[in-house]
Amino acid sequence: ALRQRRTDILALALDLCVPPLSLLVMIWVGMSGLAAVVSILVGRWWPTLALQLEGALIVLALVAVWCKYARRSLPLASLLAVPLYLAWKFPLYVRFFLRPQKDWVRTQRGSIATT
């Protein structure tokens with residue numbers, strides 16, 4: 001993208017750099033825990049406070065998006081089930097990073113009926 005000076009390819013490359021939201025939240029939780037332990041041992045609290053601010057901003061963004069776009073289609077109970085969803089996704093991400101799939105698995109498709 002940089003050699004060809006194509007901003008469209010650069011935008012796609014930057015989009016690929018953003019992890020899925022569930023993985024981003026899991027990374028945040030892990031880093032928050034690590035920062036809390038380091039803060040207790042070292043006595044410097046600004047990394048933990050910065051990560052807590054980041055977490056508050058993630059929650060604020062999710063609630064704002066839910067209020068603006070998904071309030072009618074997604075009940076609040078589903079939004080409150082996000083921690084369970086993250087717990088369900090955790091083993092998938094662990095397996096993805098520890099034993100990545102190396103073979104292409106072709107999906108079997110049926111015929112498309114035309115009307």
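In what follows, every heavy atom counts, from backbone to side chain, and hydrogens, waters and symmetry copies are set aside. By convention here, the first residue in the shown sequence is residue 1.
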Please enumerate all residues that pass side-chain contact (heavy atoms from CB on, under 4.5 Å) together with Val63, with sequence neighbours excluded.
Val59, Cys67
What residues form a salt bridge (Lys or Arg N to Asp or Glu O under 4.0 Å) with Arg95, not counting sequence neighbours?
none
Give every donor-acceptor pair under 3.5 Å between a side-chain atom in residues 16-30 and any protein atom, sequence neighbours left out.
unit_1, atom_1, unit_2, atom_2, d
Ser22, OG, Tyr93, OH, 2.8
Trp28, NE1, Ser32, OG, 3.3
Trp28, NE1, Leu51, O, 2.6

Sorted by first residue and then second, give each salt bridge (charged side-chain N to carboxylate O under 4.0 Å, His left out) pair with at least one member in residues 55-79; sequence neighbours left out.
none
For Arg6, what residues pass the side-chain hydrogen bond (donor to acceptor under 3.5 Å, both in side chains) criterion, not counting sequence neighbours?
Asp8
Please identify each residue that fulfils side-chain contact (heavy atoms from CB on, under 4.5 Å) with Ala70, with sequence neighbours left out.
Trp66, Ser73, Leu74
Who pairs with Ala1 by side-chain contact (heavy atoms from CB on, under 4.5 Å), at least two apart in sequence or on another chain?
Ile9, Leu10
If the condition is salt bridge (Lys or Arg N to Asp or Glu O under 4.0 Å), which residues does Asp103 pass it with, not counting sequence neighbours?
none
Hydrophobic cluster of Tyr69, others only, ordered by chain and residue number, side-chain cut-off 4.5 Å
Val65
Review item, side-chain donor-acceptor pairs of residues 75-89, under 3.5 Å, at least two apart:
none

Check residues 42-50 and write down every donor-acceptor pair under 3.5 Å in which the side-chain atom is one partner and the other belongs to a residue at least two apart or another chain.
unit_1, atom_1, unit_2, atom_2, d
Thr48, OG1, Ala35, O, 3.0
Thr48, OG1, Ser39, OG, 2.6

